[in-house]
Amino acid sequence: MNFVYSRDAATGKSIPTFGQNGRIDLRRDLGRDPEKESIALTSPGVVYKDLIIVGGAIPKPCRLRP
């Protein structure tokens with residue numbers, strides 16, 4: 001679950017003015033290559049005024065010994 005999508009409640013259609021084509025990528029702007037990252041949301045989002053607040057974590061890869 002790396003994306004947050006925006007939908008019109010009446011039609012169910014995407015809202016293209018939200019983020020990029022109706023979605024935002026939570027992996028962006030973390031100072032790392034977003035294509036190599038993953039985000040785990042740990043709680044449902046809460047809307048406060050014009051913000052969405054989500055709890056999440058960046059899973060750490062399991063390091064295996066040779």
Side-chain angles (χ1 to χ4, degrees):
M1 177 80 143
N2 296 317
F3 300 99
V4 173
Y5 296 87
S6 179
R7 300 283 181 193
D8 182 297
T11 66
K13 293 183 179 180
S14 178
I15 300 173
T17 56
F18 176 80
Q20 291 184 315
N21 298 319
R23 72 179 191 181
I24 56 172
D25 188 341
L26 297 173
R27 303 171 299 173
R28 296 190 49 82
D29 301 321
L30 296 176
R32 303 178 192 106
D33 181 1
E35 296 301 317
K36 295 180 180 177
E37 294 297 326
S38 178
I39 299 292
L41 296 182
T42 58
S43 63
V46 175
V47 176
Y48 175 74
K49 296 187 180 183
D50 63 347
L51 300 173
I52 183 165
I53 303 165
V54 296
I58 301 171
K60 295 192 180 213
C62 179
R63 305 230 189 267
L64 301 176
R65 294 183 177 192

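From a predicted model like this one, the values you see are computed outputs, not experimental measurements. Any value given below was found using the heavy atoms of this structure, including those in side chains, with hydrogens, waters and symmetry copies removed.
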Inset, instruction - Output all residues satisfying side chain to side chain contact (heavy atoms under 4.5 Å, CB included) with D50, sequence neighbours left out; order by chain, then residue number. - result: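 Partners of D50 by the side chain to side chain contact (heavy atoms under 4.5 Å, CB included) criterion come out as none, since no residue qualifies.
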On a heavy-atom basis, which atom in [X] and which in [Y] lie closest, and how many Å separate them?
| X | Y | answer |
| --- | --- | --- |
| S14 | N21 | OG-O, 3.6 Å |
| V54 | S43 | C-OG, 4.5 Å |
| F18 | Y5 | CE2-C, 4.3 Å |
| I53 | Y48 | CD1-CB, 4.3 Å |
| T42 | G56 | OG1-N, 3.5 Å |

Inset, instruction - Only counting residues at least two apart or in another chain, list the ones meeting side chain to side chain donor-acceptor pair (under 3.5 Å) with D25. - result: R27
Legend entry - Residue pair F3 / I24, side-chain heavy-atom distance below 4.5 Å: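 Answer no - side chains too far apart.
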Legend entry - Note, V46 side chain near I52 side chain (heavy atom, < 4.5 Å): no
Legend entry - Pairwise salt bridge (Lys or Arg N to Asp or Glu O under 4.0 Å) hits with a residue in residues 5-14, at least two apart: none
Legend entry - Atom pair CZ/CD1 of R23 and I15 - distance to nearest 0.5 Å: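 So the CZ of R23 and the CD1 of I15 are separated by 15.5 Å.
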